[in-house]
Amino acid sequence: MERAMTASAIENPQAAHSLPMDRARALGRLKLADGGFRVMTVVSALVVLALLLGVAISLFIGAWPAFQHFGLEFFVSDAWSPPKERFGAAAAIYGTLVTSIIAMLIGVPVGLGIAVFLTELCPPLLRRPIGVAIELLAGIPSIIYGIWGVYYFKPFMQAYVQPFLIGTLGEVPGVGYLFAGPPLGYGVLTAGLVLAVMILPFVTAISRDVFDTVPAFLKEAAYGVGATKFEVVGNIVIPYTRVGVIGGIMLALGRALGETMAVTFVIGNATKISASILSQGTTISAMIANQFADADPGLFTASLLALGFILFIITFIVLALARWMLAALQVKAGI
Amino acid sequence: MFIRSLMSAAILAASVSCAWASDISGAGATFPFPIYAKWADAYKKETGNGLNYQSIGSGAGIKQIKAKTVTFGATDAPLKAADLETSGLEQWPMVMGGIVPVVNLAGVKSGDLVIDGPTLAKIYLGTITKWNDPAIKVLNAKVDLPDLAIAVIHRADGSGTTFNFTDYLSKVSPDWQSKVGESTSVEWPTGIGAKGNDGVANNVAGTNGAIGYVEYAYAKQNHLTFADMVNKDGKTVAPTVEAFQAAAANADWAKAPGFYIILSDQPGANSWPMTAATFILMYKKPVDVAASNDALKFFTYAYDKGAAMAKELDYIPMPDNVIALVKKAWAADIEQK
């Protein structure tokens, strides 16, 4: 239609004469539309910022009575006694970090391993089934992991894994205290392992997608000079996809830090810090989920909101660290 | 055809929203939820009016009624008279029940195990950690107790059951009173936290060597093994309706302002030591008088015709003289049309 119009304009000198006017009008309209589009995208971006800031500020205002009353002690105290109105965040912060670290220690290497296998080594016949299985794993709601954790994984931990750990690693001087205590099934380690399963698909799915973007000629060149599979993965694939892989790992860490229901089910919800990873603990999100509904207004509610604010800050720090690490890596690589 | 189905859908939607509009709304304690649900079912069959009760926990129930989002709140931890005064709430006991210690030990059946208050406090303080501890052995000469760690299960959320349980432990153990105290949620020295009476029941059922405390009806429904207890008079009693009733018989409701009475650790040879009443909270000057009236009609029905249903679920109905006192208090205090 447009082409037809232009064609007729060229054929018709009169129409050609009026072209600059049309052009100016059309350009003006385009400019207006462009401006509108620009404003729209800017507003959308600002909405995100405003939301983020609004959440942070409202959390902080709600948490302020707790910060004011307990001061810095709030961060180092592991007391949590509603009848005595003594609250501290240390146990929840500790549990959040330790469960996430356990999850990352197991989830990241295994997840990367699966991704490498899928992209580099897997027979084509198996690629699809395993890939679909990983995506399905990512789609399972966290409450299902919680139910699985409490009905199947926890008894298994109590009957086999924990007694084994207590009997072997628990006897080793120096690290034995990490595996001390009765095998009750519930605990920080159980929660960390469930989390590891939950973050696995994130690490795998994202790593697999970015591994697929490595140009074939790079890998072929490496094979051409006699590199082994291991060398190709270590020297070509992973350095090339570093940014994407770290992004996937950070997304997984974000999920591990904030995961609520699955952790609440298996961690044992004990508001104290124990050296042993077999003993019960709690996390920030588990505390909030358990206690917010019936917290008395006042210090109790303020302390729970303060926990929420701290989780917000922890997540922010983790993301900032990831950015900084990425930047440092890029400088080192000379990109 | 299409239009007709559309119309019937619209009619259905309208009728559903009407049903919701006339439902009595309440929220709170999980402890009496089974009996409230049963009463509501029977009441709906008789009158067509339904009850929308959210069993979200006593603390949350108090929060909801104070926020005026529900017509009545339900709590196992009664509010003190001064608190009722400042918030303009009326409080009365609805039904009573027992809290029982439940265990998961291979080969141990209900009634095999006996436990007393001080020992229970020590288990929950974490000073007794094994099932073959001498303190437990003394009480259970006939039971073969294993060398097994005790998995202590408690509530992770705020709970009226916890309030009554910790109130009892405070009464029988000075150590518990000074270190932990009594409240709807406390700083547990040891153990595994679970959500709700259901959560505790499930965790005990699924954990070898576990001990927990739940409302009697939950213990029965989940076929849990419960322990007998030594009461204030030093007698061993089994958790039965008669034992709960014996404990409740001691209470002098007429002299308690706001019906504030806690039934734990009552004297009497047959008294079950962890008996508890559960309470209803409503405004003396309700925002919606019609809704408030509907709720009172439901409670009247529950008092007058619900006793048999309560007994079926092993709750104890309030004695007639207490019901008369409550009805007198309604007439005097609550604005009605």
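For the numbers below, each heavy atom of this structure counts, side chains included, while hydrogens, waters and symmetry mates do not. Order of the sequence lines sets the chain letters (A, B, ...), proteins ahead of strands, with each chain counted from 1.
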Under 4.5 Å from any heavy atom of chain A, what part of B:N202 do you find: side chain, backbone, both or neither? side chain

Which one of A:Y151, A:Y186, A:W80 has the most heavy-atom pairs closer than 4.5 Å to chain B? A:Y186

Non-hydrogen atoms of B:G206 and A:Q158 that approach each other most closely: O-OE1, 4.5 Å

Nearest atoms (heavy-atom pairs only) where A:V150 meets B:N203: CG2-OD1, 4.4 Å

Is the side chain of A:K272 donor-acceptor paired with the backbone N or O of B:T190 at a distance under 3.5 Å, no angle test? no

Does the A:K84 side chain pair with the main chain of B:K179, one donor and one acceptor, at a distance under 3.5 Å? yes

Look at atom CZ of A:F75 and say whether more than 12 heavy atoms of other residues, nucleotides or ligands are closer to it than 6.0 Å. yes

Side chain, backbone, both or neither of A:A79 within contact of chain B (heavy atoms, under 4.5 Å): both

Should the heavy atoms of other residues, nucleotides or ligands under 6.0 Å from CG of B:D144 be counted, would the total exceed 12? no

Answer yes or no: does atom CG of A:L136 have more than 12 heavy-atom neighbours from other residues, nucleotides or ligands under 6.0 Å? yes

All heavy atoms of A:N290 vs all of B:D157, minimum pair found to be O-CB, 3.2 Å

I need the residue from B:G199, B:S185, B:G59 with the largest number of non-hydrogen atom pairs under 4.5 Å to chain A. B:S185

Within-4.5 Å side-chain heavy-atom neighbours: A:N269 and B:K195: no

Counting heavy-atom pairs under 4.5 Å with chain A, which one of B:G191, B:G57, B:G196, B:A156 comes out on top? B:A156

Under 4.5 Å from any heavy atom of chain A, what part of B:Q64 do you find: side chain, backbone, both or neither? neither

